[in-house]
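Numbers here simply count residues along the sequence, with the first being 1.
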Amino acid sequence: MGILSQDILDQLEKQAIELPSWAFGNSGTRFKVFGTPGTPRDPFEKISDAAQVHKYTGLAPTVALHIPWDMSNFSDLRKHAEDEGVELGTINSNTFQDDDYKFGALTHEDATIRTKAIDHHLACIDVMDETGSRDLKIWLAEGSNYPGQADMRGRQDRLQESLQKIYARLGDDQRLVLEYKFFEPSFYHTDVPDWGTSYAQVAALGDKALVCLDTGHHAPGTNIEFIVMQLLRLGKLGSFDFNSRFYADDDLIVGAADPFQLFRIIFEVVRGGGLNNPDVQFMLDQCHNVEDKIPGQMRSVLNVQEMTARALLVDTEKLRAAQVSGDVLAANQVFVDAFYTDVRPALAEWRESRGLAADPMAAFAASGYLDKVAADRVGGQQASWGA
Ligand code: RM4
Ligand code: MN
């Protein structure tokens, strides 16, 4: 395949990226949520849409669920997923949409509210047992808005205590990943704002607890690939939530805002042994406010694939030699040469050799699927955050 060696193609063959069920529902900003004809009305329809992404790209064999948004009969949903050619993946908990959690959930001052939040996570693990999911992903909206409002230290202690109770319920093959985010919805302090806090919390739990890195959850200018390197080095990178951002937690298409950053991140994944390593789950966490959702997800997984191919093209021997000899410009040249290599024609050719369309986006558009679901899915309530 031209510039892509057999070794690179073998690695690309194994690549798997998990899709978020919520990417197929409507979303928007606090100003407006735009509906789209054909948007799924239940988790079954979300899974069917997600399966389209896998069908055309061969890259997305699993779908993450959000509880309670995707509450269903899970054995039926699992069967439906299998019939559509995909599997159910990570289970995401939700302690950010209940009045009781206004001042925290796992960190709350009140033990009854903490217990309620812990029980929700235990129920999520019950769901995992039914869906066959390995990972429980916890993202917490907890923190405070004003200095003095909260006892930050007490909240860390309560968080650890609550997480221990959740951790104790995990099966042997199940894991917990704790996601961090530097701000929002709290604006002064956040209880899990950075990788260090997440690391400290999960390290105190045990081997089955790891960090989830959402690429949109850092301050502008943060060197995210450094964090990737460090977490891999520590054996604590459990999963990625891929997306891209210009300003805050924009949840835009991964690789859209800064393809070079995605390249640098994946280079460190490869360097740290995290590529196609089942311990490091690649996931998307995105929303499609104005673009079509299925093609938006397709574009996303293709972007990850393209940047993976480019990262694998880095001549690491040459790079290492330049680093050792202190040849700054040569090292940088090796790095950017790979980044600037257009792998798209080679990937298109390779796809065809595997029975996939050379251009998955065009093939999906030509399939008429979007028109069909727009005609079929009439009535009912379109899925969105909260449903
Ligand atoms: C949060 C976080 C979580 C995701 C929710 C929908 O900001 O990124 O991963 O589950 O949004
Ligand atoms: Mn996320």
Side-chain angles (χ1 to χ4, degrees), residues 66-69 90-129 133 135-171 174-214 217-219 227 230-231 234-239 241 249 285 385-386:
H66 222 293
I67 308 297
W69 300 342
T90 301
I91 299 298
N92 291 254
S93 62
N94 181 331
T95 52
F96 50 91
Q97 291 182 310
D98 188 309
D99 284 339
D100 280 345
Y101 301 141
K102 183 171 174 181
F103 295 125
L106 296 180
T107 61
H108 204 286
E109 294 273 358
D110 183 340
T112 44
I113 291 176
R114 288 203 303 280
T115 302
K116 173 176 165 167
I118 292 165
D119 286 348
H120 166 66
H121 287 90
L122 302 185
C124 285
I125 301 174
D126 291 341
V127 171
M128 289 161 66
D129 291 340
S133 306
D135 291 350
L136 170 67
K137 188 170 84 192
I138 306 180
W139 171 72
L140 301 169
E142 308 181 35
S144 65
N145 274 2
Y146 295 98
Q149 179 190 327
D151 171 18
M152 295 191 289
R153 166 64 193 263
R155 292 170 73 90
Q156 282 300 304
D157 297 340
R158 291 192 290 274
L159 176 59
Q160 180 58 214
E161 213 182 280
S162 298
L163 288 174
Q164 276 174 16
K165 292 189 177 133
I166 297 164
Y167 186 83
R169 164 67 182 83
L170 289 174
Q174 292 173 333
R175 318 187 307 171
L176 169 167
V177 293
L178 182 62
E179 180 175 352
Y180 60 92
K181 177 175 172 176
F182 74 127
F183 90 108
E184 199 199 21
S186 295
F187 297 117
Y188 166 58
H189 107 270
T190 297
D191 291 306
V192 188
D194 50 29
W195 76 268
T197 305
S198 176
Y199 177 80
Q201 287 285 345
V202 298
L205 295 173
D207 291 345
K208 294 183 291 180
L210 301 113
V211 177
C212 171
L213 186 157
D214 184 312
H217 289 188
H218 307 84
I227 301 171
Q230 187 68 286
L231 286 172
L234 296 166
K236 279 291 185 189
L237 182 60
S239 55
D241 267 6
D249 187 19
D285 179 11
W385 282 33

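Note on residues 187-201: pairs passing salt bridge (charged side-chain N to carboxylate O under 4.0 Å, His left out), not counting sequence neighbours, are Arg155-Asp191.
For the pair Arg114 and Asp100, the salt-bridge criterion is not met [side-chain N within less than 4.0 Å of a carboxylate O].
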- prompt: Between Asp214 and Lys137, does a salt bridge (charged side-chain N to carboxylate O under 4.0 Å, His left out) hold up when you go through it step by step?
  reply: CA-CA 11 Å; Asp214 184 312; Lys137 188 170 84 192; over 6 Å; no
message: Could you go through Ile125 and Ile91, starting from their C-alpha distance and side-chain angles, then the distance that decides it, and tell me whether this counts as side chain to side chain contact (heavy atoms under 4.5 Å, CB included)?
response: CA-CA 8 Å; Ile125 301 174; Ile91 299 298; over 6 Å; no
task: Go through the steps for Asp207 and Arg175 under the test salt bridge (charged side-chain N to carboxylate O under 4.0 Å, His left out), then give the verdict.
output: CA-CA 8 Å; Asp207 291 345; Arg175 318 187 307 171; over 6 Å; no
- prompt: Could you walk me through whether Phe182 and Val192 pass the side chain to side chain contact (heavy atoms under 4.5 Å, CB included) check?
  reply: CA-CA 8 Å; Phe182 74 127; Val192 188; over 6 Å; no
task: Start with the C-alpha distance between Gln156 and Gln160, add both sets of side-chain angles, then the distance that settles side chain to side chain donor-acceptor pair (under 3.5 Å), and finish with yes or no.
output: CA-CA 6 Å; Gln156 282 300 304; Gln160 180 58 214; over 6 Å; no
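Looking at every heavy atom in both residues, His189 comes nearest to Ala150 through CE1-CB, 4.1 Å. Pairing each heavy atom of His120 with each of Ile67, the nearest pair is CE1-O, 3.5 Å. Closest approach of Tyr167 and Lys208 over heavy atoms only: OH-N, 3.0 Å. Across all non-hydrogen atoms, the minimal contact from Glu179 to Trp139 is OE1-CB, 3.5 Å. Taking every heavy atom of both residues into account, Val202 and Lys236 meet most closely at O-NZ, 4.0 Å.
Contact check for Gln201 versus Leu159: side-chain heavy atoms found under the 4.5 Å cut-off. Between Cys212 and Ser239, some side-chain heavy-atom pair lies under the 4.5 Å cut-off. Residues Ile166 and Leu136 meet the side-chain proximity criterion, which asks for heavy atoms closer than 4.5 Å. Using a 4.5 Å heavy-atom cutoff, the side chains of Lys102 and Asp99 are not in contact. Inter-residue side-chain proximity for Asn94 and Trp69 is flagged as met; some heavy-atom pair is nearer than 4.5 Å.
The main-chain N or O of Ala111 is never found under 3.5 Å from a side-chain atom of Lys116 such that the two would form a donor-acceptor pair. Under a 3.5 Å cut-off, the side chain of Gln230 and the backbone N or O of Ile227 do not form any donor-acceptor pair. Using a distance-only test at 3.5 Å, with no hydrogens or angles considered, no donor-acceptor pair links the side chain of His108 to the main chain of Ile113. Asn145 places a side-chain N or O within 3.5 Å of a backbone atom of Phe187 that can act as its donor or acceptor partner.
Residues that satisfy the side chain to side chain donor-acceptor pair (under 3.5 Å) test with Asp151, not counting sequence neighbours, are absent from this structure. Residues satisfying the salt bridge (charged side-chain N to carboxylate O under 4.0 Å, His left out) test with Asp110, not counting sequence neighbours, are none. Applying the ring pair (Phe, Tyr, Trp, His ring centres under 6.0 Å) criterion to Tyr188, with sequence neighbours excluded, gives no partner residue. Scored by the salt bridge (charged side-chain N to carboxylate O under 4.0 Å, His left out) test, Lys165 finds no partners at all (sequence neighbours excluded). Taking the side chain to side chain donor-acceptor pair (under 3.5 Å) definition, one finds that Lys181 meets it with Glu184, Asp249, sequence neighbours left out. Residues that satisfy the salt bridge (charged side-chain N to carboxylate O under 4.0 Å, His left out) test with Arg158, not counting sequence neighbours, are Glu109. With sequence neighbours excluded, the residues satisfying side-chain contact (heavy atoms from CB on, under 4.5 Å) with Ala117 are Thr95, Tyr101, Ala105, Leu106. Legend: residues meeting salt bridge (charged side-chain N to carboxylate O under 4.0 Å, His left out) with Asp119, ordered by chain and number and at least two apart, are absent. Every residue two or more places apart in sequence or in another chain was checked for a ring pair (Phe, Tyr, Trp, His ring centres under 6.0 Å) with Phe103, and none qualifies. When the ring pair (Phe, Tyr, Trp, His ring centres under 6.0 Å) test is applied to His218, the partners found at least two apart in sequence or on another chain are Tyr180. Remark: Ser93 pairs with His121 by the side chain to side chain donor-acceptor pair (under 3.5 Å) rule, at least two apart or across chains.
Taken to the nearest 0.5 Å, the NE2 atom of His217 stands 10.5 Å off from the OG1 atom of Thr190. Atom CH2 of residue Trp195 and atom CG of residue Leu237 lie 11.0 Å apart, to the nearest 0.5 angstrom. The line from CG of Leu176 to CG of Leu163 is 6.5 Å long, rounded to the nearest 0.5 Å.
Paired with Ser198 under the rule side-chain contact (heavy atoms from CB on, under 4.5 Å), one option of Leu231, Val177, Ile138, Leu178 passes, and it is Leu178.
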